[in-house]
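Here the structure is laid out as structure tokens; the discussion comes afterwards.
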Amino acid sequence: MNLNRSSSLTKKLQFRNIEMIIQVFIIIYISILTYTFLTTTNTFGKELYLNYTSGYIRRGLIGQITYFFVKTFQIPLIYIDFFCSLLVKISTLTLLIVLIIRKKIDLILIFSPPLLLAGFLYSGGSNAIFGKLDFLLLLIFLIQIILYKKNKNFYLYISLGTIGIFVHELFYFISFLPSILLLMNNKKRLFIYLSLLSVLLVIQWAYKGSIPQINEISEEWKKIGIFTQDTDRLKKLVSSSSINFWWNVNKTFFQKIGFILNNLLVLFFIIIMFIKKEDNIDRIKSFIKILFFQNIVFFSLSMIANDYGRWYFILFTTIILYFYLYEEDKSTKVINLKFNKSIEKLYYTRYILYFFIGVPIASWSLHFFKHSLPAVKIFYFLEKL
């Protein structure tokens, strides 16, 4: 018996040592991506140049504010771009770190490939232009739910939601499920909030802009000495359809199955990372239920827009942060959860999974999936050294 116990303890120690080594690699990987993200100047993408000088146009709020400061105070656009981008990044990461520490959230879960690192991937480095205001939206969402938790000011909550959707219509989907969960006990407030944001969403889609508008905007920038390099991309933004149906993007049976299996893998990873830090069955059930409903929102958005990597990042990061902020006190029962040996062994796969979860930004294919894997990215990085 003593020999068996000794052998079991030795194996656990070996597993623990291996875990610690993998954790060190993960922290190094996170640090490299965080550095790349912070040292990339533009997190606003091509939307930085959109403004209301040619009439109302969706996503024009940030560009209008930028245009005002450049024209009125003669502040060089490059400085505004740099300092605003840095401010948004540092503010968002600071709030996240504070929440991680105070709410004891697993840092490796939040800084994982389908969550924050997916955001880093499309808002940092050479892909920064694909970020499309995502971290600003995340910052607005965090401020919105944190302030509402402190003072329950509905007018402030709805004002921040309005600003969020004027920044980018994606905020509607970010705020949808958390707002239902937050306001469900006050049906009047919930109706007002969702009705207003739904109207604003329709307006955003209706006023997506036109090529003549882009030409006018470009001319207005030129008058104050700014020659936009993104005119062609802006024209593509307003001339192409806002809706890319999932079945038209993922055309083959293999792509459809790959997308669904990829989604199941992401959900499995998030759940298994969450469970180990929890011993309350009610909280685990609540988390899985909320995650399931957010996955419906994810699929709904994916049916009409194909920036899948961005949807994973923004939707699942926000719902997990919401859960830790608002769901912690709802469970009165404390029923300890005990793992059997099979589940314990399964749990050890979480760090292996970390390196093999791919979240392609657009259409799902084996090629895009492979090149979005952290393990492959690390291999290419080491190959360049």
Side-chain angles (χ1 to χ4, degrees), residues 43-48 50-52 56-66 84-85 88-89 91-92 95-96 115-116 118-119 122-123 130-149 153-183 189-209 237 242-243 293-294 296-322 325-326:
T43 57
F44 300 143
K46 51 184 174 262
E47 277 85 350
L48 180 66
L50 292 175
N51 58 51
Y52 303 143
Y56 184 78
I57 188 171
R58 70 174 180 180
R59 308 177 195 172
L61 180 61
I62 297 302
Q64 182 62 32
I65 295 170
T66 304
C84 289
S85 294
V88 167
K89 291 174 181 180
S91 301
T92 307
L95 277 177
L96 283 172
L115 300 183
L116 205 61
Y122 304 116
S123 296
F130 297 111
K132 296 188 177 182
L133 309 168
D134 291 349
F135 275 86
L136 179 57
L137 295 176
L138 177 56
L139 180 60
I140 294 169
F141 173 80
L142 287 173
I143 293 170
Q144 184 188 39
I145 61 171
I146 289 171
L147 290 181
Y148 191 74
K149 185 175 177 66
N153 188 326
F154 178 64
Y155 296 106
L156 181 58
Y157 186 85
I158 204 169
S159 297
L160 288 166
T162 302
I163 292 169
I165 205 164
F166 274 118
V167 169
H168 197 297
E169 64 273 18
L170 175 60
F171 195 83
Y172 178 87
F173 297 92
I174 294 170
S175 182
F176 182 76
L177 182 59
S179 296
I180 290 175
L181 295 168
L182 273 177
L183 305 173
R189 286 187 172 186
L190 179 60
F191 176 77
I192 292 171
Y193 183 78
L194 289 184
S195 297
L196 175 62
L197 259 66
S198 297
V199 170
L200 293 177
L201 178 66
V202 172
I203 292 172
Q204 291 290 77
W205 277 344
Y207 288 87
K208 71 172 205 170
L237 180 69
S242 301
I243 296 177
F293 283 118
Q294 188 71 333
I296 294 175
V297 177
F298 167 78
F299 260 94
S300 301
L301 184 55
S302 296
M303 289 297 109
I304 58 173
N306 64 319
D307 291 354
Y308 308 134
R310 292 175 59 212
W311 309 159
Y312 275 118
F313 152 60
I314 201 73
L315 292 177
F316 289 105
T317 301
T318 50
I319 201 62
I320 289 171
L321 293 172
Y322 159 80
L325 266 172
Y326 281 94

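Along the sequence shown, the residues carry numbers beginning at 1.
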Mind checking whether Asn153 and Leu147 have side chains closer than 4.5 Å, heavy atoms only?
no

List the residues meeting ring-ring contact (aromatic ring centres under 6.0 Å, His included) with Tyr312, not counting sequence neighbours, and say none if there are none.
Phe298, Phe316

Can you confirm whether Ile165 sits close enough to Leu196 that some side-chain heavy atom of one is under 4.5 Å from a side-chain heavy atom of the other?
no

Could you list the residues that satisfy side chain to side chain donor-acceptor pair (under 3.5 Å) with Ser175, not counting sequence neighbours?
Ser179, Tyr193

Between Thr318 and Ile145, does a side-chain contact (heavy atoms from CB on, under 4.5 Å) hold up when you go through it step by step?
CA-CA 10 Å; Thr318 50; Ile145 61 171; over 6 Å; no

Step-by-step side-chain contact (heavy atoms from CB on, under 4.5 Å) determination, Tyr148 to Leu182
CA-CA 9 Å; Tyr148 191 74; Leu182 273 177; 4.3 Å; yes

Can you name the closest pair of heavy atoms from Tyr52 and Leu61 and give their distance?
OH-N, 3.2 Å

Taking the side chain as C-beta and beyond, is there a heavy-atom pair between Leu170 and Arg310 under 4.5 Å?
yes

Test your reading of the model: is there a side-chain donor-acceptor pair from Glu47 to the backbone of Arg59, 3.5 Å cut-off?
no

CD1 of Ile320 to CG of Leu115: how many Å apart, nearest 0.5 Å?
4.5 Å

Going from CD1 on Ile163 to CD1 on Ile140, what distance comes out if it is rounded to the nearest 0.5 angstrom?
7.0 Å

Determine, using ring centers only, whether Phe135 and Phe141 are less than 6.0 Å apart.
no

List the atom of Ala118, the atom of Gly309, and the distance in Å for their closest heavy-atom pair.
CB-O, 3.6 Å

Short side-chain to backbone donor-acceptor contact, Thr317 and Ile314, under 3.5 Å:
no

Decide side-chain contact (heavy atoms from CB on, under 4.5 Å) for Ile65 and Asn51; before the verdict, give the C-alpha distance in whole Å, the side-chain angles of both, and the deciding distance to 0.1 Å.
CA-CA 8 Å; Ile65 295 170; Asn51 58 51; over 6 Å; no

To the nearest 0.5 Å, how far apart are NZ in Lys89 and CG in Leu138?
13.5 Å

Using the ring of Tyr326 (Phe, Tyr or Trp, six-membered ring only), decide whether Lys149 places NZ or CZ under 6.0 Å from its centre and within 45 degrees of its axis.
yes

4.5 Å side-chain heavy-atom contact, His168 and Ile62
no

Nearest 0.5 Å, please: how far is CD in Glu169 from CZ in Arg58?
5.0 Å

Can you name the one residue among Leu136, Leu137, Leu133 that meets side chain to side chain contact (heavy atoms under 4.5 Å, CB included) with Val88?
Leu136

By ring-ring contact (aromatic ring centres under 6.0 Å, His included), which residues pair with Phe154, not counting sequence neighbours?
none

Nearest atoms (heavy-atom pairs only) where Ile57 meets Lys208:
CG1-O, 3.7 Å

Taking all atoms of both residues into account, what is the closest heavy-atom pair of Ile319 and Pro178, and its distance?
CD1-CG, 3.9 Å

State which residues pass side chain to side chain donor-acceptor pair (under 3.5 Å) with Tyr207; sequence neighbours excluded, sorted by chain then number.
none

Any residue meeting side chain to side chain donor-acceptor pair (under 3.5 Å) with Gln204, in chain and number order, not counting sequence neighbours
Tyr56

Looking at side-chain heavy atoms only, is the closest gap between Tyr322 and Leu177 below 4.5 Å?
no

Derivation of the side-chain contact (heavy atoms from CB on, under 4.5 Å) call for Phe176 and Leu194
CA-CA 8 Å; Phe176 182 76; Leu194 289 184; 4.0 Å; yes

Enter the distance from Leu301:CG to Tyr308:OH here, rounded to the nearest 0.5 Å.
10.0 Å

Min side-chain heavy-atom separation Trp311-Val297 under 4.5 Å
no

Minimal heavy-atom distance between Thr162 and Leu197, with the atoms involved, is N-CD1, 4.4 Å

Value rounded to 0.5 Å, distance of OG1 in Thr92 from CG in Leu139:
4.0 Å

Check side chain to side chain donor-acceptor pair (under 3.5 Å) between Ser198 and all other residues, then give those that pass, not counting sequence neighbours.
Tyr172

